[in-house]
Protein chains: 2
Amino acid sequence: MPQYVRVEKVRLLVVDDDPPIADLVATVARYEGWEAVTANSGEEALRLAAEFHPDIVVLDLMLPDLDGFGVLDKLRRSGAMVPVVFLTARDGVADRVAGLTRGGDDYLVKPFAVEELMARLRTVLRRSAGPGFQRSVLQVADLTMDEDTREVRRGEKLLTLTPTEYEVLRYLMRKSPTVLTKAQILDHVWEYGFGGRSNVVELVVSRLRRKLDESDDGTAPLIHTVRGFGYVIRQAAE
Amino acid sequence: MPQYVRVEKVRLLVVDDDPPIADLVATVARYEGWEAVTANSGEEALRLAAEFHPDIVVLDLMLPDLDGFGVLDKLRRSGAMVPVVFLTARDGVADRVAGLTRGGDDYLVKPFAVEELMARLRTVLRRSAGPGFQRSVLQVADLTMDEDTREVRRGEKLLTLTPTEYEVLRYLMRKSPTVLTKAQILDHVWEYGFGGRSNVVELVVSRLRRKLDESDDGTAPLIHTVRGFGYVIRQAAE
DNA sequence: CGGGAGCTGTCAAAAAGCTGTCGTACGTCT
DNA sequence: AGACGTACGACAGCTTTTTGACAGCTCCCG
């Protein structure tokens, strides 16, 4: 029997008892063009879920009243089949979570990097959209990044990136041709609460350039410095 | 602006009185692109079967009201010929079940690994599709896995894999060329509830490599490590 | 031409991954 | 029942890779 799935603005419910964290996630999501609401307790989460009908939920497992598992259970009992991405403390209940994530739902350990969370949310959404879901391939000029195979190519040439390089590049590509400040990059790609006082971003960009821009000689560089502001990745535009 | 995408889905009914388990199965199925509903009692199962018209049913034998056998019986009496995969406790009524699994039906012992359950569901569906059903052979480069005969070959050479190795390899092959994290592999291939804190996945991959990649010398390795992320199986790219 | 912003080489600590060894569990065969 | 063989995973040692601090250097821009 044929089915029709409607695709529109993503609705996100963020549940975390720490308001700054919940807001952080909601803000980033809104900036992506999503609709986001936050709840700071289990009760509130259930109430909001019922009236907001989210497409996806970010759920902290450590909640003051009802804990994350309880919320999930009630959510499911009420027939809400929405996918969930869990948040958990470093060495907290990670193992217990594992049992819940086999399905395809996902989880992330706090403190996490915002971009990573968003990437996982997108992946989960993409997968739950139905069979034959689309590959996600980012492209800027002759540079491509396949988010499923993690293959990054400059033209034909396959590049080997470290995790950090990969994340920074993904963020730049996703936002291209917007110029991003070092602070933005730091805030999105590194875990919140990262104490890096130094020039990490410059360092990673430097390494990226060596792999991207010097990969073929003769090709124009793609990562550009906007002095006094930040970086962009795009086809050289004078 | 809304878009409409037409999709054709397998319809699965999951019957288990333990909601987390039922949800687990339903969630996995949905991520495979199926449509799934859950019932937590025999009565509910019958009601849902009547209105949902599933293509396949996962049926726990231990139900509060009417037990699994009763459900099956009523199902069959009502003329529903849907194939059924039973779930049973470790040393439960395994033998009695065996008698019931005539035709295309099958059964699995709890706790199970989700990949194995899905594999069985696919097999049962395939067989129930009619006579002359299709063989299922996975292939990546010169590596083939026949899911019916369980034969795995690298080129001509027949490999002997242990059950765990087989399952890990199947999961990798099925998802190829997507990169999978160790957590994903662990969550899908091991039984839910497995508390493995160690490097089991690395260990199995290591053993697999020895059998696959060093089987013929001179052949390029197929299982690749994506450092900081996970593993893929695919033809070496470049 | 001076100063600040940005770039990059070097290095050491930490993380991630690989594999040998061994004990236990389980199934099978005699 | 006992002996044997296989599979699995805990553990630990070792290797490789990644990361970010530091520092000196360059380059742009006024």
Side-chain angles (χ1 to χ4, degrees), chain A residues 90-91 95 98 109 111 113 116 150 152 159-169 172 179-187 189-191 193-214 221-233 238, chain B residues 90-91 94 109 111-113 116 150 152 159-170 172 179-187 189-191 193-214 221-233:
Chain A
R90 177 64 65 187
D91 40 26
D95 23 331
V109 169
E116 187 171 0
R150 286 182 78 96
V152 179
L159 309 180
T160 310
L161 304 183
T162 69
T164 311
E165 288 161 4
Y166 182 88
E167 290 294 328
V168 170
L169 182 60
L172 282 169
V179 182
L180 302 168
T181 66
K182 282 183 265 190
Q184 280 178 305
I185 297 173
L186 200 58
D187 289 347
V189 174
W190 272 259
E191 303 171 348
F194 173 70
R197 305 265 121 266
S198 74
N199 58 343
V200 250
V201 178
E202 289 169 18
L203 197 48
V204 174
V205 168
S206 166
R207 286 169 179 160
L208 267 176
R209 277 179 169 145
R210 198 173 319 170
K211 293 183 179 179
L212 261 66
D213 292 340
E214 294 174 14
L222 290 180
I223 299 182
H224 308 282
T225 302
V226 178
R227 211 150 211 281
F229 196 83
Y231 299 102
V232 217
I233 190 164
E238 217 73 3
Chain B
R90 178 64 65 190
D91 39 29
V109 168
F112 51 86
E116 186 170 3
R150 286 182 78 94
V152 179
L159 308 180
T160 311
L161 303 184
T162 69
T164 311
E165 287 162 2
Y166 181 86
E167 290 295 328
V168 170
L169 183 59
R170 170 161 64 187
L172 282 169
V179 183
L180 302 169
T181 66
K182 282 182 267 190
Q184 282 177 305
I185 297 173
L186 199 60
D187 285 352
V189 174
W190 271 259
E191 303 171 348
F194 174 70
R197 302 264 105 267
S198 73
N199 57 344
V200 249
V201 178
E202 289 170 18
L203 201 46
V204 174
V205 168
S206 168
R207 286 169 178 158
L208 265 176
R209 277 179 170 148
R210 202 171 317 172
K211 294 184 180 179
L212 261 67
D213 292 339
E214 294 174 15
L222 290 180
I223 300 182
H224 308 280
T225 301
V226 179
R227 212 151 208 278
F229 197 85
Y231 298 103
V232 217
I233 190 164

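Just so we're on the same page: letters track the sequence lines, and every chain starts at 1.
- B:Leu161 contributes atom CG, which lies 6.0 Å from atom CG of B:Leu208 (distance to the nearest 0.5 angstrom).
- Taking side-chain N and O atoms only, B:Ser206 has a distance below 4.0 Å to OP1 or OP2 of C:dT19.
- In this structure, A:Phe229 places its CZ atom 18 Å from C1' of D:dC28, rounding to the nearest Å.
- Between A:Arg227 and B:Gly230, the residue anchored closer to the 5' end of DNA chain C is A:Arg227, taking for each the nucleotide with the nearest heavy atom.
- Each of A:Val189, A:Ile233, A:Val179 was compared with A:Leu172 under the side chain to side chain contact (heavy atoms under 4.5 Å, CB included) criterion, and only A:Ile233 meets it.
- Going from atom CD of A:Glu167 over to atom CD of A:Glu116 covers 5.5 Å, rounded to the nearest 0.5 Å.
- Note on B:Tyr231: only backbone sugar-phosphate atoms sit closer than 4.0 angstrom, heavy atoms only; bases stay farther off.
- In this structure, CG of A:Leu212 is placed 13 Å from P of C:dT8, rounded to the nearest angstrom.
- Between its opening and closing five pairs, the helix from C:dC1-D:dG30 to C:dT30-D:dA1 changes axis direction by 30°, a value rounded to 10 degrees.
- Regarding B:Glu202, its CD atom lies at a distance of 15 Å from the P atom of C:dA15, rounded to whole Å.
- Regarding contacts with the backbone of C:dA5, every side-chain N or O of A:Thr225 stays at 4.0 angstrom or more from both OP1 and OP2.
- Rounded to whole Å, atom P of D:dT18 lies 18 Å from atom CD of A:Glu191.
- Look at CD1 on B:Ile223: it is 14 Å from C1' on C:dG17, rounded to the nearest Å.
- In this structure, B:Arg150 CZ and B:Arg170 CZ are separated by 6.5 Å, a value rounded to the nearest 0.5 Å.
- The structure places OG1 of A:Thr160 at 13.0 Å from OH of A:Tyr166, a figure rounded to the nearest 0.5 Å.
- The CH2 atom of B:Trp190 sits 8.0 Å away from the CD1 atom of B:Ile185 when rounded to the nearest 0.5 Å.
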Where do N or O atoms of nucleotides 6-13 of chain D meet protein N or O atoms at under 3.5 Å, pair by pair?
residue, atom, partner, partner atom, Å
D:dC8, OP1, B:Thr164, N, 3.1
D:dC8, OP1, B:Thr164, OG1, 2.4
D:dC8, OP2, B:Thr162, OG1, 2.5
D:dC8, O5', B:Thr164, OG1, 3.3
D:dG9, OP1, B:Trp190, NE1, 3.0
D:dG9, OP2, B:Trp190, NE1, 3.3
D:dG9, N7, B:Arg207, NH1, 3.3
D:dG9, O6, B:Arg207, NH2, 2.8
D:dA10, OP2, B:Ser198, OG, 2.5
D:dA12, N6, B:Asn199, ND2, 3.2

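- Of all non-hydrogen atoms in B:Gly228 and A:Pro163, the two that sit nearest each other are CA-CG, 3.8 Å.
- Per the geometry, CZ belonging to B:Arg210 stands 13 Å off P belonging to C:dC18, to the nearest Å.
- For the atom pair CD of A:Gln184 and CZ of A:Phe229, the computed distance is 6.5 Å after rounding to the nearest 0.5 Å.
- Atom-to-atom, CG of A:Leu208 to P of D:dT18 comes out at 13 Å; the value is rounded to the nearest Å.
- The phosphate of C:dA5 (OP1 or OP2) has no side-chain N or O of A:Lys182 nearer than 4.0 angstrom.
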Assess whether salt bridge (charged side-chain N to carboxylate O under 4.0 Å, His left out) is satisfied between A:Glu165 and A:Lys211, documenting all intermediate values.
CA-CA 10 Å; A:Glu165 288 161 4; A:Lys211 293 183 179 179; 2.8 Å; yes
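- One interatomic measurement links the two molecules: CD of A:Glu167 to P of D:dG20, which rounds to 12 Å at whole-angstrom precision.
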